[in-house]
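Taking it in order: structure first as structure tokens, then the write-up.
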Amino acid sequence: MKIYNDKNKVIIDGLKDFEPKHIFECGQCFRWTKENDDSYTIVAFGKILNVKKEENTIYFNNTNIYDFENIWHNYFDLDRDYSRIKEILRKKDNYLDEAVKFGYGIRILNQDPWETIISFIISANNRIPMIKKAIDNLSTYYGEEIGEFNGKKYYSFPTIEKMNSLSVEEIEKASTGYRATYIKDTSYIVFSKQINIYNLKNVDTNMCKSHLMMFPGVGPKVADCIMLFSMQKYDVFPVDVWVQRVMKEFYLNEDMSLPKIRQYGIEKFKELSGFAQQYLFYYARELGIGTSSRRRS
DNA sequence: AGACAGGTAGTGA
DNA sequence: TCACTACCTGTC
């Protein structure tokens, strides 16, 4: 693997297990735009980054080596050996083998806990385009303008202080629907430090989860997602409708309850549960597993 | 028009 | 524990 520091960009040759489409379209992140050249523009930690893959080369555009090392290296989880994880999972059974081969370039991002908590509260009983829209609206209305890329202005995610200062009506304006009150009340709990969300990653998974579920709008599934995508908890197995479908298709009988499926996943995949879930989710959703109509490829 | 979507909270057994 | 239901919003 070779890193080149170019003007306003960082280029990496030979970075394995890295496919922008897989990373951004596997349901873990909502703040990305797919550009006409198939690159992805994302906003995280108050910065705009454009990622493009060509052959064996990844272009990290609109950034510099300083931000790359301080922000994006960790954001993309570059210190983790995904080849080894994939190898272990593929040996489990033929289904995992297929799913891992399909989503070969998935990496689990290390996102900001605050933004992840609010984003996944919005995700409950909601569709991805709507979730993206609501988060984008919140940022445009109540975040800070952080720059322009490809002729489009970008805004940072609203701070804890800002979100706490908003009325329910103002939050509703961003198309958050009935989740606006959840967001309002959660923001206050975070703002008043009744729960320190930046310390939660340091307690064990069960404790972490029970704390997260004190937030209104955060149930078992949303808590699992928050832990997996922003708190480096990988012994979780978030079960949404797609994971439910794929698990029933591959492993289980029809009448197994959500908590049982979650438990089954954790027992089967152990400390790699979160990774397994991502490969299975991406596979199920892209292929429309368990539904009558197959989705676009 | 009515169902449905990447769940949660509230209620009642 | 478990079953059941309402729920913003936008699209099919």
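Taking the six-membered ring where the residue is Trp, A:Y75 and A:W72 present perpendicular rings, their angle passing 60° and hence far from 30°.
Checking the phosphate oxygens (OP1, OP2) of B:dT8, no side-chain nitrogen or oxygen of A:K221 falls inside 4.0 Å. Note on A:K260: every side-chain N or O is 4.0 Å or more away from OP1 and OP2 of C:dT1. Of the side-chain N and O atoms in A:R245, one or more sit less than 4.0 angstrom from OP1 or OP2 of B:dA5.
The nearest whole Å value for the distance from the CD1 atom in A:I183 to the P atom in B:dT8 is 14 Å. Remark: P of C:dC8 and NZ of A:K184 are 18 Å apart, rounded to the nearest angstrom. As rounded to whole Å, 15 Å separates atom P of C:dC8 from atom CD1 of A:I171. Spacing between atom CE of A:M213 and atom P of B:dG10 amounts to 12 Å, rounded to whole angstrom units. With rounding to whole Å, A:K133 atom NZ is found 17 Å from C:dC8 atom P. Note: CD (A:Q244) to P (B:dT8) measures 12 Å, nearest angstrom. Per the geometry, CG belonging to A:N125 stands 15 Å off P belonging to C:dT5, to the nearest Å.
Base engagement by A:G177 is indicated by at least one non-hydrogen atom pair under 4.0 Å involving a base atom. Within 4.0 Å of A:G217, counting heavy atoms only, lie sugar-phosphate atoms of the nucleic acid but no base atom. Residue A:Y282 is classed as having no contact, given no heavy-atom separation below 4.0 Å to the nucleic acid.
Side-chain atoms of A:P220 lie closest to B:dT8 of the nucleotides B:dT8, C:dG10, B:dG7. Checked against C:dT11, B:dT8, C:dC2, the side chain of A:V222 finds its nearest nucleotide in B:dT8. The nucleotide whose nearest atom lies closest to any side-chain atom of A:Y178 is, among C:dG10, B:dT8, B:dG7, B:dG7.
A salt bridge links A:K47 and A:D67; the closest N-O separation between the charged side-chain nitrogens and carboxylate oxygens is under 4.0 Å. Salt bridge annotation for A:E148-A:K152: absent, with no cationic side-chain nitrogen under 4.0 angstrom from a carboxylate oxygen.
Counting atom types as modelled, A:Y182 pairs no side-chain N or O with a base atom of B:dG7 as donor and acceptor under 3.5 Å.
The shortest non-hydrogen separation linking A:I261 to A:Q244 is CD1-CG, 3.7 Å.
Residues A:I117 and A:L212 meet the side-chain proximity criterion, which asks for heavy atoms closer than 4.5 Å.
For C:dC8, there is no paired nucleotide, since no Watson-Crick or G-U wobble pair has both relevant distances below 3.5 Å.
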